[in-house]
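Quick notes on the structure that follows.
If you read the sequence from its start, that first residue is 1, and numbering goes on from there.
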Amino acid sequence: IESHNSEYVTDLGSNDIWIAGSGIRHYDHDFKFEPSKNFKAQIRSVKVSNKNDSLLYGGNGKALSVALKPTENAISFTYTSTFFDAIESIEYQSYLEGSEDTWAPWTLETDRNYTNLPHGTYTFKLRARNIYGELSEVSEYSFTISTPWYLTWWAYVVYGLLAMLLIWAAIRLNARK
């Protein structure tokens, strides 16, 4: 047993080294680390239009679909990964299908905000890349922003009827003159 700065290091003849100091540490030279290839990017929460409550807490968001009001067109996502080595170095990439054409650049940020989204159906997709360069499974969250009443088919029918009524009234007024 050797003493190094108030730590005791012992070698038991194999490739194991035990170090005692402020705790006990074990080092096995023969151990081959294989990073997990089955980690996930998880959408932690989804918030709409600065509301205090979330639409989603945890989970990967697959098979979920939410209908939002036309005024609820600002949405924010918070996310994480199930890979725990060097958490601060995990990069994320997102894509809002229905609004964006390609994946966003890789970033260390763990949230994404969208504002003034027009009515339509969207799918937020998220993936992570760990420090070993491996990609996670893609997580998804689908939502629909409803069409405002003034852009619905029945509103256009009313607009058409009003236009025909105005034309008819203009013709009648012109015929009286």
When rounded to the nearest 0.5 Å, the distance separating OG1 of T80 from CD1 of I87 is 7.0 Å
Side chain proximity check, E97 to K125, heavy atoms < 4.5 angstrom = yes
Would W149 and L151 show up in the same hydrophobic cluster when neighbours are defined by side-chain heavy atoms closer than 4.5 Å?
-> yes
Selection residues 102-114 - residue pairs positive for salt bridge (Lys or Arg N to Asp or Glu O under 4.0 Å), sequence neighbours left out = E100-R112
Side chain to side chain, Y114 and F124, heavy atoms closer than 4.5 Å | yes
Pairwise side-chain contact, W106 with R127, heavy-atom cut-off 4.5 Å (strictly under) = yes
Minimum-distance pair of heavy atoms, taken over all atoms of I131 and S89 | CG2-CB, 3.5 Å
Closest heavy-atom pair, Y95 versus D101, reported as atoms and distance to 0.1 Å, is CE1-C, 3.8 Å
How long is the span from the OG atom in S139 to the OH atom in Y79, to the nearest 0.5 Å?
-> 12.0 Å
Residues I145 and Y122: closest non-hydrogen pair is CD1-CE1, 4.0 Å
Once you round to the nearest 0.5 Å, how far does NE2 of H119 lie from OG1 of T144?
-> 12.0 Å
Return a table of donor-acceptor pairs under 3.5 angstrom between the side chains of residues 67-77 and protein atoms on other chains or two or more places apart.
from	atom 1	to	atom 2	distance (Å)
E72	OE1	K69	N	3.0
E72	OE2	K51	NZ	2.6

Donor-acceptor pair, T78 side chain versus R44 backbone, under 3.5 Å?
-> no
Separation between CG (L126) and OG (S136), nearest 0.5 Å, reads 6.5 Å
Closest approach of E140 to T123 (non-hydrogen atoms, all atoms of both residues) = CB-CG2, 4.0 Å
Mind checking whether T107 and E91 have side chains closer than 4.5 Å, heavy atoms only?
-> no
Side chains of residues 155-170: which donor-acceptor pairs under 3.5 Å do they make with residues two or more places apart or in other chains?
from	atom 1	to	atom 2	distance (Å)
Y159	OH	Y150	O	3.0

Y92 (side chain) donor-acceptor with S81 (main chain) under 3.5 angstrom = yes
